[in-house]
Amino acid sequence: MGSAPARPERVFPAGPENRCLAWGLAALLIAAAWRWGGLRAADGPFFTAAAALLLLEACGGFGRRGIGGQPGWWRRDFFFWSGLAFIAYLGCQWWNAGRELVYDPSAHRWAYSPPRHPSFPWAISKPEAAQMLHWFFPAWAIGLSLRSPRLSRQGLNGFGRGLLWGSGALAAVGLFEVLANLRGKFWHMPPKCDSFASFGYGNHAAAYFLLLGALAAGLLFRESFRRDRPVDKRAAGGYAAALLLCLAGANLSLSRTGVFLSWLLAVYAAGYGWMRGWRIFRPAERLRWAAATIVAGLFLYFAVLGSGGAAIQEEFAVKRPPRTQLIPAWQTVNLDLSDRPLLWGAAWRMVQAYPEFGVGGWGFRHLAAFHLPESRWPTFRHNAGRSNVHCDPLQFLVEFGLAGSGLMLLALGALLAPLFRTGVRRGALFTFVGLGLAAVFAFSWIDLPFRCPAIVWTWTALLAALPKWTSRPPAPLPLGTASRLEPPQDTRA
């Protein structure tokens, strides 16, 4: 008596739930970018509630029972448990927050009162600790939603297009502000604010547009070099326009690191396109591809030079710290790090003082004065940017300690692990999105891109989506089982 045939495994659904989830996630990320990068504390509860609703939909809360063929998938996802543990840790810091600055007459100095429960994670300010929950809960919910079986690769294509439409439009508005000499006016930025488009800090704008520019390059080359059908010229044109706008936005943010990384991305994209195109295109197509690349490069160069060339040159004006006298080759490069080394030293001393649980969200700005020379206090009192370490990994270690940072690394590892599986196609999309993720991570070691919720959420979303987006298609189903399922999946990598 033969055994019963194995039940075929369903592929991802293509119904309205799939499209609603994909576009809902894209809308949340676009709204965060347009709402001052998600930095306004008053917007935190809204974004948290929206992310929670999307997560419920991704887990099957509003759809048909068992859709996607994997009910309860989240229970087997390590990112669910590691991320939940980190959120619980942040919740404990919020619950145990509330230390007051008091004067100690016996020691003749100011100090913060001890936490209510010294054996548990704590924070200085309860509202500031709550802001960490409003930053990292949506990141966890967005990442988990994109790993859901309810979201197909076709849904991810719509998600990516939505992100590029939003970022391209945002960069276009920022470019218009620069050309019309209205920088910061549309978003009511303070006078002389280092802003571009909706971002009040130029380095945040640079990191955001760099990341989305990498996504645009990946989708552009995936569409341009596909072989299963003719190229969709409208889609390729849209991706190219988004790429140029994002690169222009990264330049006009007036961030030295952003300008350097954006041109590095542009040069790499041009070389990648020429090498791939030379192998697969016919002579006439090669000529058109080369002409299009040159025209795009010239457009980007003159657009940036005409609207912000003088400001960019001023940012790169040489400032010679004493160490350049030891290495003459450095005398042509602006190596000014402002007060960053002083901040890094204070942060490291804070880690040594509070190694296990850290000092809670935004705790660095409250305790920095205790770890800095008194002569530098006036400088830091009148500079809001000094409330951050300007090295995100070190700041996370300061705020969350070894325990919280370890939980964060576990969640990050759960997102990274699928990228090394054999079923992932390492084509154009994988290459360029991976480069964008790596560039923003490298950026975070000398600045603070991850102190902007829009960047944290978009970075997490792309990292979570990339393995599925570039995975090989599932095996064909037996005849008679496709009527309830979606059409064949998009197999582009």
Side-chain angles (χ1 to χ4, degrees), residues 37 39 41 89-90 92-94 96-104 107-116 118 120-136 190 193-194 200-204 207 257 321 336-405 408 443-453 455-456:
L39 276 169
Y89 182 87
L90 296 181
C92 186
Q93 283 190 325
W94 168 81
N96 200 24
R99 299 182 64 179
E100 300 291 339
L101 186 63
V102 296
Y103 183 72
D104 184 355
H108 302 286
R109 66 183 182 90
W110 291 90
Y112 279 93
S113 60
R116 290 179 298 153
F120 289 88
W122 52 269
I124 301 291
S125 168
K126 212 175 187 69
E128 291 175 350
Q131 193 172 22
M132 294 296 104
L133 286 169
H134 293 316
W135 284 10
F136 288 100
C193 179
D194 178 21
Y201 182 45
N203 284 354
H204 284 168
T257 307
D336 178 45
L337 291 174
S338 186
D339 295 313
R340 282 173 173 80
L342 195 65
L343 293 168
W344 299 338
W348 182 246
R349 289 188 289 273
M350 211 175 293
V351 170
Q352 293 175 316
Y354 308 99
E356 295 89 0
F357 299 138
V359 299
W362 294 105
F364 174 79
R365 72 188 190 94
H366 293 283
L367 298 174
F370 297 99
H371 302 274
L372 288 170
E374 188 173 351
S375 61
R376 303 306 300 267
W377 289 359
T379 302
F380 286 81
R381 184 180 297 118
H382 300 292
N383 193 325
R386 300 301 182 264
S387 59
N388 292 291
V389 180
H390 288 77
C391 174
D392 283 336
L394 182 55
Q395 181 147 359
F396 290 147
L397 188 59
V398 168
E399 293 182 338
F400 308 138
L402 293 172
S405 299
M408 180 187 286
F443 201 164
S444 73
W445 284 88
I446 58 171
D447 212 87
L448 40 91
F450 293 131
R451 304 301 289 182
C452 175
I455 298 175
V456 172

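The residues of the chain are indexed from 1 along the displayed sequence. What's counted below: heavy atoms across the whole structure, side chains too, no hydrogens, waters or symmetry copies. From a predicted model like this one, the values you see are computed outputs, not experimental measurements.
- Using a distance-only test at 3.5 Å, with no hydrogens or angles considered, a donor-acceptor pair links the side chain of Gln93 to the main chain of Glu399.
- Rounded to the nearest 0.5 Å, atoms OH (Tyr112) and CG (Leu367) are 6.0 Å apart.
- Defined by atom type and a distance below 3.5 Å, a donor-acceptor pair is present between the side-chain atoms of Tyr201 and Asp447.
- Proximity of a side-chain donor or acceptor of Tyr89 to a complementary backbone N or O of Pro121 within less than 3.5 Å is not detected.
- Cation-pi geometry between Arg451 and Trp362 is met: under 6.0 angstrom from the ring centre, within 45 degrees of the axis.
- To the nearest 0.5 Å, the span separating CZ on Arg349 from CG on Leu372 amounts to 6.5 Å.
- Counting only distance, with no hydrogens or angles, the side chain of Ser444 and the backbone of Pro449 share no donor-acceptor pair below 3.5 Å.
- A distance of 12.5 Å separates CG in Leu397 from CG in Asp392, rounded to the nearest 0.5 Å.
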His366/Arg99 under side chain to side chain contact (heavy atoms under 4.5 Å, CB included): CA gap, chis, key distance, verdict:
CA-CA 10 Å; His366 293 283; Arg99 299 182 64 179; over 6 Å; no
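- Under a 3.5 Å cut-off, the side chain of Arg116 and the backbone N or O of Gly98 do not form any donor-acceptor pair.
- Taking CG of Leu39 as the start and CH2 of Trp135 as the end, the distance is 6.0 Å to the nearest 0.5 Å.
- At distances below 3.5 Å, at least one donor-acceptor pair connects side-chain atoms of His204 with backbone N or O atoms of Leu448.
- Remark: the backbone N or O of Gly360 is not paired with any side-chain donor or acceptor of Trp122 at under 3.5 angstrom.
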